[in-house]
Amino acid sequence: MAALPDDSAPSPSKHKPVLLRETIQQLDLSSNLTVVDGTVGAGGHSQQIIKQIGDKGQLIGLDRDPMMLQFASQKLPQDNVTLKHSSYADLPEVLKQLHLSGVDRILVDLGLSSDQLEHAERGFGFSTSGRLDMRFDESHGESASELINTASKAELIQIFEDYGEEKFSTSITDAIIKRRTQSPIETVQDLNQIVESAIPETVLRQSEKHPATRVYQALRIAVNNELQHVQRAITQTFPDCLNLNGILAVITFHSLEDRLVKRAFQDQSQWENLTTKPITPRPNEQKMNPRSRSAKLRAAKLISKNPQN
Ligand SMILES: C[S@@+](CC[C@H](N)C(=O)[O-])C[C@H]1O[C@@H](n2cnc3c(N)ncnc32)[C@H](O)[C@@H]1O
């Protein structure tokens, strides 16, 4: 087995892979394995995976965002790497195309990469200046701007409550509806102004996070149907695609996702839980990469293809 990566290793992409060393350890890699990186992003985790599985192993990297696949292809030029534009939830179709019946390891590092967040035109972050899009795959579905300009009051409140756990969901929704009757909400600045106008001054002053953090998270989850992809993958796709005794590792960034993973791994007729408590970044990683603070890593071994319930 090759040496484990050092947390401080320099990375050419702006995205710093989170919990890198811990993830590689949980995946228990060796040469010859077939590994799926279901959220290959800029290839940070994959670069280390390929070192561990060597040239006899095979790596399949998936991403819903074609821009991220371009980043990944620069970092992963090896012949035994296949990159595909796909959701991890559609892994069975990818394996069919590659004539593979199963894989030995699957990693998914959920959420979005720093490269996406900083790309102003994608509208993922409140500190950019672009139009409000937020789709991982811009060729499909409704953008965040289309969603907030057309969704009903009840739908918007539910999105902000369910996906953002936002306390001011009703007043933010009222402000959105008032504003969109005057002119469409199209940019990040439009949304930031609306959110700031709907939250009480005292709360704005005391808030450590940007007041729109939860609203952006909620819209991104809704626009990309993120929880539906996680739920389908963890309960169906991954157990179907992993070989027996294969390992699944999942990195989540908020409690909604982590809850789905935790619940799935509690099924002891299907999974041997390798992390009874989630692994979180060490203080040094949190300091070097503040975006890692909310990360949680869970891993489990598939012990049955036919669970009892
Ligand atoms: C946190 S980044 C991954 C970073 C990567 N591990 C690295 O080290 O560079 C998450 C990536 O997942 C992608 N993504 C989100 N949902 C996805 C899905 N359902 N299927 C495939 N990729 C997805 C995003 O486009 C983004 O590139």
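From a predicted model like this one, the values you see are computed outputs, not experimental measurements. In each ligand, atom 1 is the first atom listed, and ligand 1 is the first ligand listed.
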So, [X] and [Y], do they make that salt bridge, N to O below 4.0 Å?
X      : Y      : value
Glu22  : Arg282 : yes
Arg291 : Glu118 : no
Asp174 : Lys153 : yes
Asp65  : Arg122 : yes

Please classify the [X] to ligand 1 contact at 4.0 Å (heavy-atom distances, strictly less than): side chain, backbone, both or neither.
X      : value
Arg64  : both
Val40  : backbone
Val18  : neither
Leu112 : backbone
Tyr88  : both

Any idea which protein heavy atom is nearest atom 16 (N) of ligand 1, and the distance to it?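 For atom 16 (N) of ligand 1, the nearest protein heavy atom comes out as Phe136 CE1, 3.6 Å.
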Identify the closest protein heavy atom to atom 21 (C) of ligand 1: which residue and atom is it, and at what distance?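 That would be Gly38 O, 3.2 Å.
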Looking at ligand 1, does any of its N/O atoms fall within less than 3.5 Å of an N/O of [X]?
X      : value
His15  : no
Gly43  : yes
Gln116 : yes
Asp63  : yes
Gly44  : yes

Ligand 1 atoms in contact with [X] (distance to a heavy atom under 4.0 Å):
X      : answer
Pro17  : 8 (O)
Asp65  : 25 (O)
Thr39  : 3 (C), 5 (C), 6 (N), 11 (C), 12 (O), 22 (N), 23 (C)
Met68  : 27 (O)
Ala42  : 9 (O)
Leu110 : 1 (C)
Ser86  : 20 (N), 21 (C)

Do Phe124 and His119 have side chains that approach each other closer than 4.5 Å (heavy atoms only, starting at C-beta)? no
Under a 4.5 Å cut-off applied to non-hydrogen side-chain atoms, are Asp137 and His85 in contact?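 Yes, at least one pair of side-chain atoms sits under 4.5 Å.
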Out of Gln231, Gln217, Arg220, His254, which residue meets the side-chain hydrogen bond (donor to acceptor under 3.5 Å, both in side chains) rule with Glu226?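 Single pass found, and it is Arg220.
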Test salt bridge (charged side-chain N to carboxylate O under 4.0 Å, His left out), reference Asp90, set Arg232, Arg64, Lys84, output is Arg232
Can you name the one residue among Arg131, Arg180, Arg179 that meets salt bridge (charged side-chain N to carboxylate O under 4.0 Å, His left out) with Asp190?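 That would be Arg179; it is the only one of Arg131, Arg180, Arg179 passing the salt bridge (charged side-chain N to carboxylate O under 4.0 Å, His left out) with Asp190.
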Testing Thr34, Val35, Asn243, Leu248 for side-chain contact (heavy atoms from CB on, under 4.5 Å) with Arg105, which one passes? Val35
Interatomic distance, His45 atom NE2 to Asp37 atom CG [nearest 0.5 angstrom]: 8.0 Å
If hydrogens are left out, which of Leu117, Val230, Asp109 has an atom nearest to atom 6 (N) of ligand 1, that is, the closest non-hydrogen atom? Asp109
Can you say whether the rings of His229 and Tyr88 are parallel (under 30°), tilted (30 to 60°) or perpendicular (over 60°)?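 Judged by the thresholds at 30° and 60°, the geometry between His229 and Tyr88 is perpendicular.
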